[in-house]
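Take a look at the structure below.
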Amino acid sequence: MEQTVERKKRIFSGMQPSGALTLGNYLGALKNWVALQNDYECMYSVMNMHAITVRQDPAELRKRSMEVLMQYIACGIDPEQSILFFQSHVAAHAELSWILSCNTQMGELSRMTQFKDKSKKHADNINAGLFTYPVLMAADILLYQTDLVPVGNDQLQHIELTRDVAERFNFHYGETFTIPEPYIGKAGARVMSLQTPENKMSKSDPNPNGYIGLLDPEEVIIKKFKRAVTDSDAEIRPGADKPGITNLLTIYAAVTGKTVDEAAKEFAGQGYGTFKQAVGEAVAAELAPVRQRFEELSKDKAYVESIYEKGAEIASSIAARTMRKVYKKVGFIAR
Ligand code: TRP
């Protein structure tokens with residue numbers, strides 16, 4: 001009897017190497033990426049082509065790109081299981097981006113809130129790449145016939161655009177692209193700044209006490225949690241009126257695998273000092289093996305190189321299949 005082998009669904013995601021990764025990236029994305037590896041065919045890329053839509057120092061960009069890739073691995077992305085690569089190593093990202101940009105409207109791109117935000121933030125460098133950023137992102141996703149894209153809320157509008165562009169292309173030229181869907185993780189912990197808990201924890205926070213770097217040493221992590229902003233009453237419970245405590249509870253819950261309510265119960269009646277110390281220790285314990293693995297990888301350049309070389313090769317061959325189809329559909333002469 002014929003056996004039907006079900007193809008695993010494909011996942012694609014990536015981060016820009018535009019700063020040091022934080023606990024927010026870890027709990028909000030990386031931990032999720034790791035969990036998806038068994039059930040999906042995962043491709044995780046370092047989005048260095050997106051990074052240059054804002055000014056980057058070339059030496060820094062090179063260094064950080066490598067560090068991001070190593071942090072993916074250090075966090076538990078298994079290179080034997082998942083495909084890891086640098087976006088710039090697969091030329092098809094730029095090639096497909098051109099074709100898609102001819103199928104994307106100026107009006108659609110003008111509505112992107114990230115473009116509006118970044119134009120305000122980088123008013124001296126509103127370049128065309130910043131404007132077409134979502135088209136390159138659509139190319140990243142569509143090149144691999146991706147089924148699911150794990151992203152944060154801030155990227156949902158870009159996924160929506162990717163779907164619109166793909167559907168339009170399929171309509172005009174015939175079935176070409178899989179229509180991707182956003183994948184919202186179950187936990188999807190949203191980690192806020194330790195200093196201004198109204199804002200998302202960010203690697204570009206000018207105050208380093210606001211974020212925990214993925215590679216911060218234990219003492220630093222504990223010190224930063226000790227300094228975390230709380231409030232003047234002394235109750236450990238989540239609530240809209242208690243953004244600082246809620247954030248610490250969320251972090252503790254995400255790290256220990258407990259619910260926020262369980263975490264609150266555990267610390268009920270205790271002082272903020274004890275609580276903050278416990279959160280700091282739990283986070284430090286979670287990140288210690290990540291830092292250790294990162295340090296090992298830093299000493300093994302040849303191994304890391306073999307990972308991203310192999311990743312680029314596999315990604316390129318999948319991408320080439322899509323590109324052949326696309327070029328044929330739009331009427332380019334085969335060579
Ligand atoms: N724009 C994403 C971010 O800033 C990064 C990214 C680029 C991405 N291309 C992607 C994420 C494709 C998912 C899929 O977070």
Side-chain angles (χ1 to χ4, degrees), residues 9-22 24-33 36 40-54 56 61 64-65 68-69 71-72 77 82-97 100-101 104 109 112-119 121-122 129-166 177-185 188 190-191 200-204 214 311 315 318-319 322:
K9 287 198 170 175
R10 182 169 289 143
I11 292 247
F12 182 99
S13 200
M15 286 181 195
Q16 296 187 60
S18 44
L21 299 187
T22 70
N25 299 117
Y26 178 74
L27 295 177
L30 286 164
K31 231 176 125 99
N32 232 331
W33 292 8
L36 294 167
Y40 299 92
E41 189 193 352
C42 298
M43 306 187 69
Y44 297 124
S45 181
V46 179
M47 312 325 280
N48 54 355
M49 293 168 71
H50 277 104
I52 63 165
T53 54
V54 305
Q56 300 288 343
L61 178 63
R64 275 203 309 262
S65 300
V68 169
L69 186 97
Q71 285 172 80
Y72 286 177
I77 308 282
S82 300
I83 300 165
L84 288 165
F85 67 105
F86 293 111
Q87 185 185 25
S88 62
H89 282 181
V90 181
H93 288 255
E95 293 173 330
L96 183 58
S97 186
L100 296 180
S101 71
T104 306
L109 293 174
M112 295 292 118
T113 55
Q114 184 176 290
F115 171 68
K116 291 188 231 172
D117 291 347
K118 287 199 178 174
S119 308
K121 217 168 133 195
H122 305 277
L130 192 63
F131 189 64
T132 56
Y133 176 116
V135 182
L136 178 60
M137 182 159 162
D140 301 334
I141 296 166
L142 299 178
L143 255 186
Y144 302 106
Q145 308 293 347
T146 302
D147 297 290
L148 295 165
V149 189
V151 283
N153 282 329
D154 61 328
Q155 296 298 314
L156 286 179
Q157 199 185 24
H158 290 159
I159 305 293
E160 212 36 62
L161 179 79
T162 300
R163 290 167 56 87
D164 290 345
V165 171
F177 297 120
T178 302
I179 309 298
E181 279 178 43
Y183 178 95
I184 308 292
R190 194 169 144 79
V191 178
K200 202 170 132 177
M201 182 179 282
S202 162
K203 48 199 171 191
S204 43
L214 210 49
I318 303 171
T322 300

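As the structure lists them, so they are numbered: ligands from 1, and atoms in each ligand from 1. All values derive from a computational prediction rather than experimental measurement.
Residue Gln114 places no N or O, backbone or side chain, under 3.5 Å from any N or O of ligand 1. The shortest N or O to N or O distance between Ser13 and ligand 1 is not under 3.5 Å.
The atoms of ligand 1 that sit less than 4.0 Å from any heavy atom of Val149 are 13 (C), 14 (C). The His50 neighbourhood of ligand 1 comprises atoms 7 (C), 9 (N), with distances under 4.0 Å to a heavy atom of that residue. The contact set between ligand 1 and Tyr133, taken as ligand atoms under 4.0 Å from a residue heavy atom, comprises 1 (N), 2 (C), 3 (C), 4 (O).
A side-chain donor-acceptor contact under 3.5 Å links His50 to the backbone of Tyr133. Distance alone, capped at 3.5 Å, is enough to place a donor-acceptor pair between the Asn25 side chain and the Thr22 backbone. For the pair Gln71 (side chain) and Leu214 (backbone), a donor-acceptor distance under 3.5 Å is absent.
When the options Gln16, His158, Gln155 are ranked by their closest heavy atom to atom 2 (C) of ligand 1, first place goes to Gln155.
Residue Leu109 places its CG atom among more than 12 non-hydrogen atoms of other residues, nucleotides or ligands, all under 6.0 Å distant. Shown here is Lys200, whose NZ atom has no more than 12 heavy atoms of other residues, nucleotides or ligands within 6.0 Å. The number of heavy atoms from other shown groups lying within 6.0 Å of CG (Asp154) is above 12.
Taking the six-membered ring wherever Trp is involved, the centroid distance between the rings of His93 and Tyr144 falls below 6.0 Å.
Under the 30°/60° scheme for interplanar angles, the aromatic rings of Phe12 and Phe85 are found to stand perpendicular.
Scanning all protein heavy atoms for the shortest distance to atom 6 (C) of ligand 1 gives Met47 CG, 3.8 Å. When only non-hydrogen protein atoms are considered, atom 12 (C) of ligand 1 lies nearest to Phe12 CE2, 3.5 Å. Among all protein heavy atoms, the one lying closest to atom 11 (C) of ligand 1 is Gly14 O, 3.6 Å. For atom 9 (N) of ligand 1, the closest heavy atom belonging to the protein is Asp140 OD2, 2.7 Å.
Under 4.0 angstrom from ligand 1, there are no non-hydrogen atoms of Leu136. For Val151, every heavy-atom contact with ligand 1 shorter than 4.0 Å involves the side chain, none the backbone.
Remark: of the listed residues Asp147, Leu142, Ile11, Leu148, Leu142 is the sole one forming a side-chain contact (heavy atoms from CB on, under 4.5 Å) with Pro180.
Ligand 1 lies within reach of Met137, whose nearest heavy atom is under 4.0 Å from it.
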